[in-house]
Amino acid sequence: MSSAANSRRPTREQVTLEFPNNALLASLGGAHQKNFVRIEQKLGVRVAMRGNLVAVEGAPEARERAASVLRALYARIEGGEDTGVAEVDAEIRFATHEPQARPMDGFGTPSIKTAAARVTRTRSPAQAAYLDLMRTHPLVFGIGPAGTGKTYLAAAFGAHLLYERRVERLVLSRPAMEAGERLGFLPGTLQEKIDPYLRPLYDALFDVMGEQATKLMESGVIEVAPLAFMRGRTLARAFVILDEAQNTTSMQMKMFLTRLGEDARMVVTGDPSQSDLPSGRAEGLNEALGLLGGVEGVATARFSEKDVVRHPLVTRIVRAYNAATQFEGDLPPNNRKARKTEE
């Protein structure tokens with residue numbers, strides 16, 4: 001990172017940041033100053049720009065957080081990155097958890113290179129911790145609600161390892177199971193039948209690698225396959241991801257985990273609250289978490305509703321469902337049955 005803003009403090013209520021390149025400041029504020037508006041809404045400060053100066057007014061702690069966010073966003077822009085509301089929100093999350101989640105230079109969120117011209121950044125302290133665990137453990141479980149970036153970041157880290165030539169293959173798998181529906185017979189070749197189930201993995205790969213993902217899949221360096229195709233294989237010198245692990249049975253989970261070969265790494269992601277198994281319980285995932293919790297080389301990253309990085313409404317949706325589930329759990333068994341009958 002090149003030069004950061006210099007701070008001057010004219011009064012106790014305001015901090016003024018001086019940025020060296022006026023041409024970049026339009027991107028810092030965003031269209032119609034939406035980035036500044038977002039910072040004001042989230043941190044309770046007022047942001048004003050004049051020339052190459054940006055003034056932040058508010059409570060001392062809020063001012064410092066806002067200044068940290070603005071410096072980090074400016075560093076991103078200097079590096080040629082786009083900045084929008086999602087990036088502002090990410091920097092705000094890290095600003096409220098400093099210094100643990102920050103990289104050594106203090107600017108920007110932790111990032112990994114996934115292709116020649118592509119960098120993927122973590123968007124929450126929980127994601128940064130998840131990334132650290134994937135770097136240091138051969139088997140990592142990523143557990144939490146939808147929208148927290150469990151699968152996306154795992155795919156990005158796999159792409160990073162490929163780019164760094166630290167693994168020879170990237171293998172992504174998930175159970176081929178419908179979400180509460182029965183689609184019946186699907187026409188086409190075997191690949192065409194299973195593609196709908198694996199589409200989320202394809203989407204993540206293309207997002208972090210671009211068109212290079214297509215070439216690597218054609219050459220077999222990247223393999224996307226249903227869980228059923230894993231039996232009997234030994235996956236050596238590979239980065240392996242099992243997505244939607246809440247839909248695995250105990251037998252399937254054991255089968256998958258024992259595919260781990262020499263110099264291989266594995267990540268298992270899932271949301272125990274969204275199992276599509278007939279029992280409605282994440283049997284394989286919950287059992288693995290219980291049995292392997294204290295095993296050397298195994299780590300678990302847990303996400304919560306506050307770590308959701310999709311649309312802000314997703315956080316509120318997850319919170320509402322969690323509250324309803326908790327309410328059901330607090331009811332006596334007889335009352336629980338009566339409530340279901342009424343519905």
Side-chain angles (χ1 to χ4, degrees), residues 111-120 130-131 133-142 149-178 183 186-245 247-249 251-270 284-285 288 297:
S111 62
I112 48 177
K113 197 159 190 177
T114 55
R118 289 178 181 264
V119 172
T120 297
Y130 183 37
L131 183 60
L133 290 178
M134 287 191 287
R135 284 172 169 153
T136 57
H137 292 75
L139 173 58
V140 176
F141 289 89
K150 306 181 299 295
T151 303
Y152 185 90
L153 193 59
F157 186 66
H160 169 70
L161 293 180
L162 274 181
Y163 180 78
E164 296 278 319
R165 299 184 182 277
R166 292 164 59 187
V167 296
E168 296 175 0
R169 288 185 298 160
L170 178 57
V171 181
L172 303 94
S173 182
R174 68 186 335 222
M177 179 173 288
E178 301 96 339
L183 302 180
L186 295 178
T189 64
L190 178 61
Q191 190 64 40
E192 289 170 337
K193 292 176 189 292
I194 64 177
D195 272 357
Y197 300 103
L198 304 175
R199 178 51 53 188
L201 297 177
Y202 289 126
D203 291 343
L205 279 178
F206 286 123
D207 200 40
V208 300
M209 301 183 74
E211 289 304 315
Q212 186 183 2
T214 302
K215 298 176 182 177
L216 292 176
M217 282 192 282
E218 290 173 351
S219 65
V221 174
I222 295 178
E223 177 185 353
V224 184
L227 178 60
F229 290 5
M230 293 294 108
R231 186 172 291 281
R233 302 182 61 183
T234 299
L235 302 172
R237 293 173 295 282
F239 186 76
V240 192
I241 300 172
L242 174 61
D243 188 31
E244 299 290 337
N247 290 332
T248 61
T249 64
M251 186 180 299
Q252 286 175 322
M253 179 62 78
K254 180 181 177 183
M255 178 273 290
F256 181 81
L257 294 177
T258 53
R259 300 308 94 198
L260 199 63
E262 182 182 1
D263 294 327
R265 293 166 176 259
M266 187 174 283
V267 174
V268 177
T269 67
L285 180 58

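FYI, the numbering just counts along the sequence from 1.
- Side chain of S173 to main chain of A225: a donor-acceptor pair is present (N/O by atom type, distance under 3.5 Å, no hydrogens or angles).
- Side-chain atoms of E168 and D263, non-hydrogen and from C-beta on, never get closer than 4.5 Å to each other.
- Residues M266 and F256 form a side-chain contact, since some pair of their non-hydrogen atoms from C-beta on lies under 4.5 Å apart.
- Side-chain contact check for M230 versus L242: every heavy-atom pair is 4.5 Å or farther apart.
- Formation of a donor-acceptor pair under 3.5 Å by the T114 side chain with backbone atoms of T120 is not found in this model.
- Nearest heavy atoms, V208 versus A156: CG1-CB, 3.8 Å.
- The heavy-atom pair separating M253 from A288 by the smallest distance is CG-CB, 3.8 Å.
- With hydrogens and angles ignored, the 3.5 Å screen pairs no side-chain donor or acceptor of R166 with any backbone N or O of L161.
- Residues E223 and L235 form no side-chain contact, since every pair of their non-hydrogen atoms from C-beta on lies 4.5 Å or further apart.
- Distance check: R237 CZ to E262 CD gives 5.5 Å after rounding to the nearest 0.5 Å.
- With a 4.5 Å cut-off on side-chain heavy atoms, L131 and F157 count as touching.
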Taking it one step at a time, do V221 and L170 satisfy side chain to side chain contact (heavy atoms under 4.5 Å, CB included)?
CA-CA 6 Å; V221 174; L170 178 57; 5.9 Å; no
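- The number of heavy atoms from other shown groups lying within 6.0 Å of CZ (R231) does not exceed 12.
- Remark: of the listed residues L257, L227, V268, L227 is the sole one forming a side-chain contact (heavy atoms from CB on, under 4.5 Å) with T248.
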For M209 and I222: C-alpha separation, side-chain torsions, deciding distance, then whether side chain to side chain contact (heavy atoms under 4.5 Å, CB included) applies.
CA-CA 11 Å; M209 301 183 74; I222 295 178; 3.7 Å; yes
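- F239 has its side chain within reach of V267: a pair of non-hydrogen atoms, C-beta onward, lies under 4.5 Å apart.
- With contacts defined as side-chain heavy-atom distances shorter than 4.5 Å, the pair L205/L216 does not qualify.
- The distance from atom CD of E244 to atom OG1 of T269, rounded to the nearest 0.5 Å, is 7.0 Å.
- The CZ atom of R265 lies 11.5 Å from the CG atom of L139; values are rounded to the nearest 0.5 Å.
- No donor-acceptor distance shorter than 3.5 angstrom exists from the side chain of H137 to the backbone of G297, with no hydrogens or angles considered.
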Output, in order, the C-alpha distance, side-chain angles, deciding distance and verdict of side chain to side chain contact (heavy atoms under 4.5 Å, CB included) for R118 and Q212.
CA-CA 11 Å; R118 289 178 181 264; Q212 186 183 2; over 6 Å; no
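- Of the possible polar contacts, one joining the Y130 side chain to the K150 backbone as a donor-acceptor pair under 3.5 Å is found.
- Residues A115 and Y163 share a closest heavy-atom pair of C-CE1, 3.6 Å.
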Show your working on side chain to side chain contact (heavy atoms under 4.5 Å, CB included) between D203 and Y152 and close with a plain yes or no.
CA-CA 9 Å; D203 291 343; Y152 185 90; over 6 Å; no
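- Using a 4.5 Å heavy-atom threshold, the side chains of R174 and T151 count as separate.
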